Amino acid sequence: MTGKSDQQLPQRLRLNLRQLEVFVATARGGSTRAAADRVARSQSAASSALADLESSVGVLLFDRIGRRLVLNENGRALLPKAQALLDQAGEVQALFSGEHAAPLRVAASFTIGEYLLPERVSQWTALHPQSQVHLHIANTRDVIEAVAGFEVDVGFIEGPQTHPDLVVRAWREDELVIVAAPGHALANRVATHRQLSQATWVLRELGSGTRQVTDAWLIQNLEQVHVGFELGSTEAIKRVVASGTALACLSRYTVAQALEDGHLIELRTRLPAGMRRLATVMHRDKLLGRATADFLRHCGATVPRTSAGR
C-alpha cells in the first residue's frame with residue numbers, strides 16, 4: 001500500500017556532476033573537443049555526457065553554429081547554477097579527503113594585480129597554507145569577461161566598466177598623478193594647462209582601467225592630449241618617462257617607489273585631483289564559497305550577504 005507521504009516524494013535526480021562538469025567546460029571552450037581536454041575525458045564521452053544532460057532537462061542548451069557550441073538562453077540560465085554546484089561539490093570532496101582545497105580563482109587588473117594584491121595574497125597563503133590563490137592579471141576589460149564567463153570567482157578592477165550580469169562594489173580609492181623625468185623642463189615649476197596640452201604623453205593601452213580614467217581626466221581638463229606611446233606595461237611606461245621628455249599619468253600606487261627613489265618626479269599642476277574608485281566585481285548569480293568570501297574580507301572588500309561564507 002502506498003501512503004500519501006510516499007506519493008509526495010520528489011522525483012529521483014536525473015542529473016549528475018559529470019554531466020554538469022562537461023556542460024560548464026563546453027560553455028567555456030566552445031566545443032566538446034575543448035571540454036574533453038579540460039575534464040580529461042575523450043571527446044565521445046564528453047559529447048555523450050552533454051547529450052544525456054540535454055535529454056534529462058528536456059531542452060537544448062547550446063546553439064550549434066558550424067563546429068562551435070554557443071550557449072542559448074537555456075544554457076545561460078543553467079550555467080551559474082551548474083558552476084555553483086561544481087564549486088560546492090569540490091569543497092565537499094576536499095572536506096574529508098585530506099586534499100588541498102580547490103585554489104581560489106582571482107582576476108585583477110594590472111595596477112591592482114601587480115601592486116596591491118601580491119602582498120595580500122602572500123599573507124593569505126601564509127595564514128591558510130591549504131588555500132592557494134591563482135591570480136590572473138589582465139586589463140579591466142578582460143577581468144570583467146573572465147568574471148562574466150565564470151572563469152574566475154572574483155575580480156578586482158580599476159576602470160568604470162560594468163556588465164549586466166555582474167555586481168560591482170567599491171573597494172578603495174586611488175589617485176592619478178602626472179610624472180616626469182627629474183630633468184624634465186617642467187620639473188621645477190607648476191605646469192600650465194597649455195604646457196600639458198603641448199606635451200607628449202605615454203599612456204596605457206586602450207581597454208585598461210588606467211587608460212579609461214586617464215582619458216576622462218585629461219580630456220576634461222586639457223585642450224588636447226598628444227599620445228606619443230601606448231604601452232601595455234606600467235613598468236615600461238615608467239622607464240620610457242624616466243629616460244626621456246614624455247609625461248605619464250599613472251596610479252600613485254604604481255609610482256610610489258620610483259618617486260621615493262628619485263627615478264621620477266611628480267609634476268606640479270593646476271589640475272583638479274584625479275581620483276578613481278577601485279572595485280571588486282562578482283557574478284550576480286554566483287554563490288561564493290567560504291574561502292572566497294574569507295579572502296575578500298582579508299583584502300578589506302565587502303562580501304555579499306548571500307555568500308556561503310556568512
Side-chain angles (χ1 to χ4, degrees), residues 20 23-25 27-28 61 70-91 101-118 120-121 124 128 131 133-174 207-213 216 251 253 275-310:
L20 296 178
F23 163 71
V24 170
R28 291 180 178 173
L61 301 171
V70 180
L71 282 175
N72 59 24
E73 61 181 2
N74 299 321
R76 288 193 295 271
L78 176 61
L79 182 58
K81 298 183 183 300
Q83 184 64 67
L85 284 173
L86 292 176
D87 290 343
Q88 293 176 49
E91 293 182 0
L104 302 181
R105 301 168 301 166
V106 180
S109 55
F110 282 100
T111 295
I112 299 172
E114 293 180 341
Y115 296 93
L116 292 177
L117 283 188
R120 290 167 174 80
V121 169
W124 171 264
H128 307 85
S131 179
V133 178
H134 285 180
L135 177 59
H136 173 63
I137 300 176
N139 64 36
T140 291
R141 180 172 54 198
D142 292 336
V143 171
I144 285 178
E145 290 180 357
V147 178
F150 294 96
E151 296 175 13
V152 297
D153 301 309
V154 63
F156 290 79
I157 61 173
E158 58 199 71
Q161 295 188 42
T162 187
H163 187 284
D165 295 333
L166 305 183
V167 176
V168 179
R169 289 182 172 84
W171 179 40
R172 58 192 303 170
E173 286 193 332
D174 184 21
S208 78
T210 298
R211 177 61 183 271
Q212 285 182 291
V213 180
S251 158
Y253 291 121
M275 303 300 297
R276 64 175 178 172
R277 184 187 68 175
L278 307 181
T280 59
V281 57
M282 288 160 272
H283 201 289
R284 65 175 66 255
D285 293 327
K286 182 175 178 58
L287 179 66
L288 295 184
R290 182 175 298 278
T292 305
D294 289 344
F295 177 75
L296 284 170
R297 295 188 185 96
H298 171 77
C299 294
T302 301
V303 178
R305 293 184 176 181
T306 55
S307 74
R310 285 186 63 182

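Only a predicted model underlies this, so the values are computations on that prediction, with no experimental measurement involved. One-based numbering along the sequence shown.
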Quiz prompt | Step-by-step side-chain contact (heavy atoms from CB on, under 4.5 Å) determination, Leu79 to Phe23 | solution = CA-CA 8 Å; Leu79 182 58; Phe23 163 71; 4.1 Å; yes
Self-check item: Inter-residue atom distance His136.NE2 - Ser109.OG, 0.5 Å rounding
Solution: 11.0 Å
Quiz item: So, does Arg284 use its side chain to make a donor-acceptor pair with the main chain of Leu166 at under 3.5 Å?
Solution: yes
Self-check item: Spatial distance of atom CD (Glu151) from atom CD (Glu145) [nearest 0.5 Å]
Solution: 8.5 Å
Quiz item: Just one of Leu20, Leu78, Val24 clears the side-chain contact (heavy atoms from CB on, under 4.5 Å) bar with Gln83, so which one?
Solution: Val24
Exercise. Look at the side chain of Arg120 and the backbone N and O of His298, then say whether any donor-acceptor pair between them is shorter than 3.5 Å.
Key: no
Self-check item: Gly155 to Val147 - nearest heavy-atom pair and separation
Solution: N-CG2, 3.7 Å
Quiz item: Can Asp174 and Leu116 be said to form a side-chain contact (heavy atoms from CB on, under 4.5 Å), step by step?
Solution: CA-CA 11 Å; Asp174 184 21; Leu116 292 177; over 6 Å; no
Quiz prompt | Separation of Phe150 CZ from His283 NE2 (nearest 0.5 Å) | solution = 3.5 Å
Quiz item: So how far is it from Leu296 CG to Met282 CE, rounded to the nearest 0.5 Å?
Solution: 5.5 Å
Quiz prompt | Nearest-0.5 Å distance that lies between atom CG in Leu117 and atom CH2 in Trp124 | solution = 13.0 Å
Quiz item: Nearest heavy-atom pair of Asp294 and Arg297: which atoms, and what distance?
Solution: OD1-NH1, 3.0 Å
Quiz item: Would a distance-only check, ignoring hydrogens and angles, find a side-chain to backbone donor-acceptor pair under 3.5 Å from Ser251 to Tyr253?
Solution: yes
Quiz prompt | Interatomic distance, Ile157 atom CD1 to Thr111 atom OG1 [nearest 0.5 angstrom] | solution = 12.5 Å
Practice problem: Write down the atom of Ala279, the atom of Val168, and the distance for their closest heavy-atom approach. | Solution: CB-CG1, 3.5 Å
Quiz item: For Arg105, does its backbone N or O pair with a side-chain atom of Asp153 as donor and acceptor, under 3.5 Å?
Solution: yes
Quiz item: Should Arg276 and Glu158 count as an ion pair when the cut-off is N to O under 4.0 Å?
Solution: yes
Self-check item: Nearest heavy-atom neighbours spanning Trp171 and Ile112
Solution: CZ3-CG2, 3.7 Å
Quiz item: Gly113 and Ile137: which non-hydrogen atoms are nearest, and at how many Å?
Solution: O-CD1, 3.4 Å
Practice problem: Grab the two heavy atoms, one from Ala138 and one from Asp142, that are nearest each other, plus how far apart they are. | Solution: CB-CB, 3.7 Å
